[in-house]
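Inspection log for the structure reproduced underneath, given as structure tokens.
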Amino acid sequence: MFTKNARAVIRRRGPALLAVLTAAAAAVSLVGFSSQASAGLADTAPAAIEHDPVLIIPGMTGTTQYMEPMKTKFVSAGWRSDRVETWTDSTSMTGDLTKAGQEIGQKVDSVLAKTGARKVVLVTWSASTLAARSYLKKVTGAQDKVSLYFSMAGPHHGTTAAAPWCQNLYPSCKQFAIGSPWLADLNSGTEVPGSPGVRYTTQRSTCDTNVSPSTSAELVGATNLQTPTCITHGSFPSDTGVFTQIKNIIIEHEKQTPTTTPTPTPTGTSTATSSPTTTTSPPASPCSSVNGQWGTAGPFAVTSASNGRGTTVVRPVNPGTLGCTTHPVVLWNNGAKSKLDRYLPLLNHLASHGFIVAAAEGNAGNAAPMLQGLDYVTAENNRAGSPLQGKVDLTNVGATGHSFGGGAAIDAGADPRVDTIAPIYPLATTNGNRLRGPALFIAGQNDPTIVPIVVRTPYNQATQVPAIFAEQRGADHYSIPALHGTITSWFRLHLMRDEQARGLYFGPNCTYCSSQFWSTYERNAKAQAVPGA
């Protein structure tokens, strides 16, 4: 990862950091693939729709050769080799990262001009994650040229590994030190400039000692993931699990983003024989559309079973069918005095709409049993012979629960693997300012157990994410059956990108804004800024 000179410095001054910061780059914006095409991507990718170029960028002192394993994985997965490029700036990310961001802009323009593409995908690693964010924030027009941004092990909030000797040697090391003015400026306003037009994803590992604490690698407003296995900083560019997370998000994004891309013309073929292929609007969801009928049973037959260790999994009988190659996960927790069977109608309903529900069987008011359920379905996704092998979408995870369990769902929302929550009449034990993704807080107007003002507390705290406070008209503490459609539509939107559900919650004329179903419907500033249908 380091140059010869850099390695010599490390030997002299101690192995503090320099695996810190390499990577970036990028990738793709396919779109409109059928489920059959996406399943066989390696065989069909070059056909009619071309991927957006992927730009892969190493970190401090890194060379492009270090990123070749990831480029090879893209090509093996069906990307054309001339649309996957490794590159670094003039100082190998050791100089001013603002200037490096400007050079990224020049490279992006060059790639777009060469390929004729409209946007690139940036896959960045270590220090280059910061340079790429500087580009997106500081360079005019940058946000219109990038579809997806991936950050592998980026020190977005600094790292203890930026030792004084490193700061004295490299300007970039000084910039990503904890508390640096440069980082404060980069993170001011928003940590994800251009979102949601630019989709941000971060990856971190608790075994990465170069980015310490590892949570420094996360961004407020991004999809924040942990690596499937605990890997070191230098392993990110070559790790198969890291690549698979990136590839799956690109493919999912392409399904949801219509585009017009010329069919590639083989060498020696007249251009008159090829014509542009225009994709139609994508389906409302990767799974079978239910045409807005979220309150009625979905198309999947449902089964459930306990693992004997505190988790019951409620899921489609035949996962991987009806347009769903994989299924998002919804975590559940019970109220303090209720057993799981009280809630099975809701959990069966969610599973019928294509979700895998990992339900805690006990009554804990914290996230631990829910996250044990997530660990279990993660293991089943990887276990040979499991009915869930390869069928669990671990990049899209939600959490909900009732009462005491609703408070546990808020606690789960602080975990980087959980993307969104929808607690029902929750008694929060965790501050809402720890949430990492959109939140729907549901209160009952006439609930004598958890009165609405109690639910308002975590809502008021959650100013860092889009949050909604919805008070269900006339509801007591057990009016859950009327919420089946609401809970389903929320998770279909946020975990399946079911755009038919967007207008319920967001936009100036959202359906729920004036619906008599709610006695109160309020959105914080970030929720009000989310585009409508």
Side-chain angles (χ1 to χ4, degrees), residues 297-298 300-317 319 327-383 385-389 391-394 396-415 417-430 440 442 444 447 449-450 477-481 483-484 486-488 490-491 495:
F300 288 93
V302 173
T303 186
S304 62
S306 172
N307 68 354
R309 301 191 298 275
T311 298
T312 288
V313 175
V314 187
R315 62 170 178 84
V317 171
H327 300 261
V329 179
V330 175
L331 308 178
W332 172 265
N333 210 333
N334 304 320
K337 297 182 179 181
S338 299
K339 295 183 179 179
L340 188 61
D341 58 1
R342 177 190 284 274
Y343 307 106
L344 282 177
L346 171 60
L347 308 188
N348 287 334
H349 186 85
L350 287 167
S352 78
H353 282 266
F355 296 98
I356 294 171
V357 182
E361 296 168 350
N363 307 93
N366 60 69
M370 303 175 80
L371 298 178
Q372 288 174 10
L374 180 56
D375 292 340
Y376 174 71
V377 296
T378 299
E380 287 298 289
N381 186 59
N382 296 323
R383 182 174 68 83
S386 168
L388 295 180
Q389 182 184 10
K391 301 297 193 298
V392 186
D393 181 2
L394 296 168
N396 287 289
V397 178
T400 182
H402 173 233
S403 191
F404 209 41
I410 297 172
D411 192 27
D415 189 280
R417 294 171 293 176
V418 177
D419 302 292
T420 183
I421 65 168
I424 303 169
Y425 323 141
L427 178 62
T429 57
T430 297
L440 173 64
I442 300 175
D447 187 342
T449 306
I450 307 296
H477 197 57
Y478 293 98
S479 298
I480 298 173
L483 294 172
H484 286 193
T486 298
I487 301 298
T488 302
W490 179 263
F491 287 132
L495 304 182

Stepwise side chain to side chain contact (heavy atoms under 4.5 Å, CB included) check, Y376 with L388: CA-CA 11 Å; Y376 174 71; L388 295 180; 5.9 Å; no
Output the distance between atom [atom1] ([X]) and atom [atom2] ([Y]), rounded to the nearest 0.5 Å.
X	Y	atom1	atom2	value
S352	L347	OG	CG	11.0 Å
D419	L394	CG	CG	10.5 Å
L495	W490	CG	CH2	10.0 Å
I442	L483	CD1	CG	5.0 Å

Main chain of [Y], side chain of [X]: is a donor-acceptor contact present, judged purely on distance under 3.5 Å?
X	Y	answer
T311	N307	no
N334	G362	yes
N363	G335	yes
H327	V392	no
D393	P328	no
N381	V377	no

Quick one, [X] and [Y] - any side-chain contact, counting heavy atoms below 4.5 Å?
X	Y	result
V357	V313	no
F355	P316	no
I424	Y478	no
V397	L374	yes
R315	T303	yes
I421	I410	yes
W332	L340	yes
L427	T449	no

Centroid separation H349 to F300 less than 6.0 Å: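 For H349 and F300, the ring centres are not under 6.0 Å apart.
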Kindly determine whether D415 and L371 satisfy side chain to side chain contact (heavy atoms under 4.5 Å, CB included), including the steps that lead there. CA-CA 9 Å; D415 189 280; L371 298 178; 3.5 Å; yes
R342: salt bridge (Lys or Arg N to Asp or Glu O under 4.0 Å) partners, not counting sequence neighbours: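 Residues passing salt bridge (Lys or Arg N to Asp or Glu O under 4.0 Å) with R342: none at all.
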Quick one: list whatever passes salt bridge (Lys or Arg N to Asp or Glu O under 4.0 Å) with E380, sequence neighbours left out.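 Salt bridge (Lys or Arg N to Asp or Glu O under 4.0 Å) check on E380 returns R383.
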Which residues satisfy the side-chain contact (heavy atoms from CB on, under 4.5 Å) test with P369, sequence neighbours excluded?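 Residues passing side-chain contact (heavy atoms from CB on, under 4.5 Å) with P369: A360, A364, N366.
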Check side-chain hydrogen bond (donor to acceptor under 3.5 Å, both in side chains) between D375 and all other residues, then give those that pass, not counting sequence neighbours.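 Listed in chain order: R417.
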Could you list the residues that satisfy side-chain hydrogen bond (donor to acceptor under 3.5 Å, both in side chains) with S306, not counting sequence neighbours?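 Partners of S306 by the side-chain hydrogen bond (donor to acceptor under 3.5 Å, both in side chains) criterion, ordered by chain and then number, come out as E361.
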Testing the basics here: between P423 and L440, what is the closest heavy-atom pair and its distance to 0.1 Å?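 It is CD-O, 3.1 Å.
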Under the side chain to side chain contact (heavy atoms under 4.5 Å, CB included) rule, what do V329 and N396 come out as? Steps first, then yes or no, please. CA-CA 7 Å; V329 179; N396 287 289; over 6 Å; no
Can you give me every donor-acceptor pair (side chain of residues 402-409, partner residue at least two apart or in another chain, under 3.5 Å) with its distance?
residue: H402; atom: ND1; partner: Y343; partner atom: OH; Å: 2.7
residue: H402; atom: NE2; partner: H477; partner atom: O; Å: 2.7
residue: S403; atom: OG; partner: H477; partner atom: NE2; Å: 3.0

